[in-house]
Amino acid sequence: MKSLYSALTRRSLAQHGVERFRVYAAEGLPTEQSEASASTKQEDAPTVDGTPPLLQTPTLPLALPWTPLLALLAVHVSNQWSRALIYYVNNFSDVDATGEAAADAAFRYANVDLGYGPNEYALLASLGFTVVFAAASFVAGRLADTQDRRMLSVGACVAWSAATAAMANADSFESLLVVRSLMGLAMAVSAPAAYSLIAEISPPDRLASASSVYAVGIYFGGALASLAGVALDETLGWRGTSYAVGATGLIAAAICWFTVTDPRTASSAAVGSFPGPPSDGERAVDKGEELSTLASIGRVMRPLPVRLLFAAAALRFCAGFGLGVWKAPFFLAKFPAATTTFAVSNAGIIAVGGGLSAVLGGRLADALASTSPHPTAARMQVPLWGSLLAAPLLAMSLGADTIEVALALMMAEYLVAECWIGPTVAGLTASLAEAGVAGTAQGAFSTLAAVGNIAPVVIGGMVSAEGVGGLGLWANTSLGDSMTAVICSSYVISGVLFGMAALSFRTPAAAKGAVGDTTGSGDQTGNAQVGRTLPIVGPRTTIQYGYYQGSK
């Protein structure tokens, strides 16, 4: 058994260009443990700039870390539920109601109660939130690189839950806008902290799958906003619903507090362990320097694949936010007698269609990567084809004559469209070998939401009499035509950009370390990169992973 395990270990590492490694016995385990680890001990690699050849770090399992992953998912569900709630407490088909109907509409819908129109709603649901969100994301990214990410996640969840509850006290459009901005400030912290933490605790060859599990929160949260939002509106009103959703966020924060640990802080307390290969940022701090936010952003944006992925993701956010903000008003206005049918079906479409697409997209991307000489390029095939197929399905759904056909086509659209986040996050991780900018990269990625939220504003402008930007451009366009033009074009162009990113990952520059692969592979000759990590565990043996040197 020992010789078989040793051979499997060597083969696994050799596939990633690692020829030299060392196996350490975990303290307190039986002698068989030490013998097994000794049987696989290899010659030390040469030092690099005085850095020890192998720095021990906490063990990474080959399986997904389900307990912290599900806890972070709960926080993400709360995030998306609170964020999307505003979409389902507005209904512009009831603005002309009178008498008792008007009172009921004001009880259920914020726009009727506070007296604002489509343009204000578009601002409230998009840029009013994301301008602050985007500005704070860069700072949040640096915090995720340096601070305890569990504390950041819990604190942010408590803050946006309080802001969601505070929506109930708004007495004007302006006060509701302020609360939404504060919500954006808190939510900016969530993704950089979570995605960088997930990348650190998950097996590199399953990073797309792990990121996709976390991304499911977008769809579960959106489904709860659709189903619970409409259902609670009828009993609690839009104000009472805001209180209820805020309270559930506190539960998610408690779950995260008791089940998640940041290995960055935990490793410092572990016996015989170190925080891992030092990043450029950590080396700068060691020298008494501070790696600035601008310098970190510059490092993030340096590789061409990152720039292409950011452009593709920005347009995917345009499509997603455009659909998310205007889907409910469109279908409620087109099929006013099908309010309950839409609410229930839309919740299923978001949760099942979106969630299944996200999870299967991540698994498919990792499966394609495992059989390709260019694993990151292979992963990009998933968002490429998903985006291109989504455009015609959305156009047909918006043009359908019955609610049943429209919702069936929308389910198909979600199944092909929402597969993109896991592969994209894995691609960004592969493009940035230096762990010192992982949080900054996710912070920069989050700022793309600001770009994406331009789409709902453009759609709102096209529907209004003033036109886009108040300049009369495309004024009085029907909502269906506006959504088709903006969202479908975003899908198609993003698909092209994902294809360009896939090609860029196949270039020699990408293969030689301008970007890296999440599997830890180096250049095309099989040489490993300095400072990359590979986790391996086995029966009764803890194999630490660490800093190694490969020829260039």
Side-chain angles (χ1 to χ4, degrees), residues 73-91 125-126 129 164 187 190-191 211-233 241 244-245 248-249 252 316-332 334-335 338-362 383 386-387 389-391 393-394 396-398 400 403-422 449 452-453 455-456 483 487 490-491:
L73 172 61
V75 172
H76 201 201
V77 169
S78 169
N79 181 311
Q80 296 299 314
W81 188 0
S82 297
R83 182 172 182 168
L85 180 64
I86 195 69
Y87 307 158
Y88 301 98
V89 296
N90 288 270
N91 187 345
S126 56
F129 172 92
T164 303
M187 289 183 176
S190 181
S211 300
S212 295
V213 171
Y214 177 74
V216 167
I218 297 174
Y219 311 105
F220 285 0
L224 286 170
S226 174
L227 180 61
V230 174
L232 292 175
D233 287 350
T241 300
V245 175
T248 61
R316 280 299 282 110
F317 278 123
C318 282
F321 285 123
L323 185 60
V325 169
W326 287 108
K327 177 176 55 176
F330 173 80
F331 282 113
L332 290 175
K334 186 172 183 177
F335 305 104
T339 300
T340 302
T341 299
F342 170 76
V344 175
S345 300
N346 187 52
I349 289 170
I350 296 173
V352 178
L356 194 61
S357 179
V359 172
L360 293 181
S387 297
L389 291 173
L393 289 170
L394 175 64
M396 290 188 289
S397 175
L398 297 177
I403 186 67
E404 292 79 12
V405 173
L407 292 174
L409 288 168
M410 187 62 68
M411 171 64 87
E413 191 270 353
Y414 265 75
L415 284 171
V416 300
E418 303 306 319
C419 59
W420 70 283
I421 294 183
N453 274 273
M483 293 173 67
I487 299 172
S490 297
Y491 276 139

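The structure presented is a predicted model; accordingly, all values stated were derived computationally and were not measured.
- Leu389 CG to Leu415 CG: the interatomic distance, rounded to the nearest 0.5 Å, is 11.5 Å.
- Minimum heavy-atom separation, Leu407 to Ser345: CD1-CB, 3.4 Å.
- The two atoms that bring Ala223 and Ile350 nearest to each other are N-CG2, 3.5 Å, heavy atoms only.
- Counting all heavy atoms, side chain and backbone alike, Cys419 lies closest to Ser357 at N-OG, 3.0 Å.
- Under the 3.5 Å distance criterion, the side-chain polar atoms of Ser82 are left unmatched by any main-chain donor or acceptor of Thr164.
- With a 4.5 Å cut-off on side-chain heavy atoms, Ser387 and Arg316 count as touching.
- Taking CD1 from Ile349 and CD from Glu413, the interatomic distance works out to 9.5 Å, rounded to the nearest 0.5 Å.
- Ile487 CD1 to Leu323 CG: the interatomic distance, rounded to the nearest 0.5 Å, is 5.0 Å.
- Nearest heavy atom pair, residue Gly422 against residue Ser211, reads CA-CB, 4.0 Å.
- Note: Leu394 CG to Ser490 OG = 10.5 Å, rounded to the nearest 0.5 Å.
- Looking at heavy atoms from C-beta onward, Tyr87 lies out of side-chain contact with Lys327 at the 4.5 angstrom threshold.
- Residues Pro456 and Trp326 meet the side-chain proximity criterion, which asks for heavy atoms closer than 4.5 Å.
- The shortest side-chain heavy-atom distance between Met410 and Ser397 falls under the 4.5 Å cut-off.
- Here CZ of Phe220 is found 13.5 Å from CH2 of Trp81. Values are rounded to the nearest 0.5 Å.
- At least one donor-acceptor pair closer than 3.5 Å links the side chain of Lys334 to the backbone N or O of Ala400.
- A distance-only check finds a donor-acceptor pair linking the side chain of Thr248 to the backbone of Val245 [under 3.5 Å].
- Between Tyr491 and Val416 there is no side-chain heavy-atom pair separated by less than 4.5 Å.
- Ring planes of Tyr214 and His76: parallel class, angle under 30° (limits at 30 and 60°).
- Nearest heavy atoms, Leu398 versus Phe330: O-CZ, 3.4 Å.
- Looking only at side-chain heavy atoms (C-beta outward), Arg83 and Phe129 come within less than 4.5 Å of each other.
- The closest side-chain heavy-atom distance from Asn346 to Tyr88 is below 4.5 Å.
- By the 4.5 Å heavy-atom criterion applied to side chains, Leu356 and Glu418 are not counted as neighbours.
- Among all heavy-atom pairs drawn from Leu409 and Leu393, the shortest one is CB-O, 4.2 Å.
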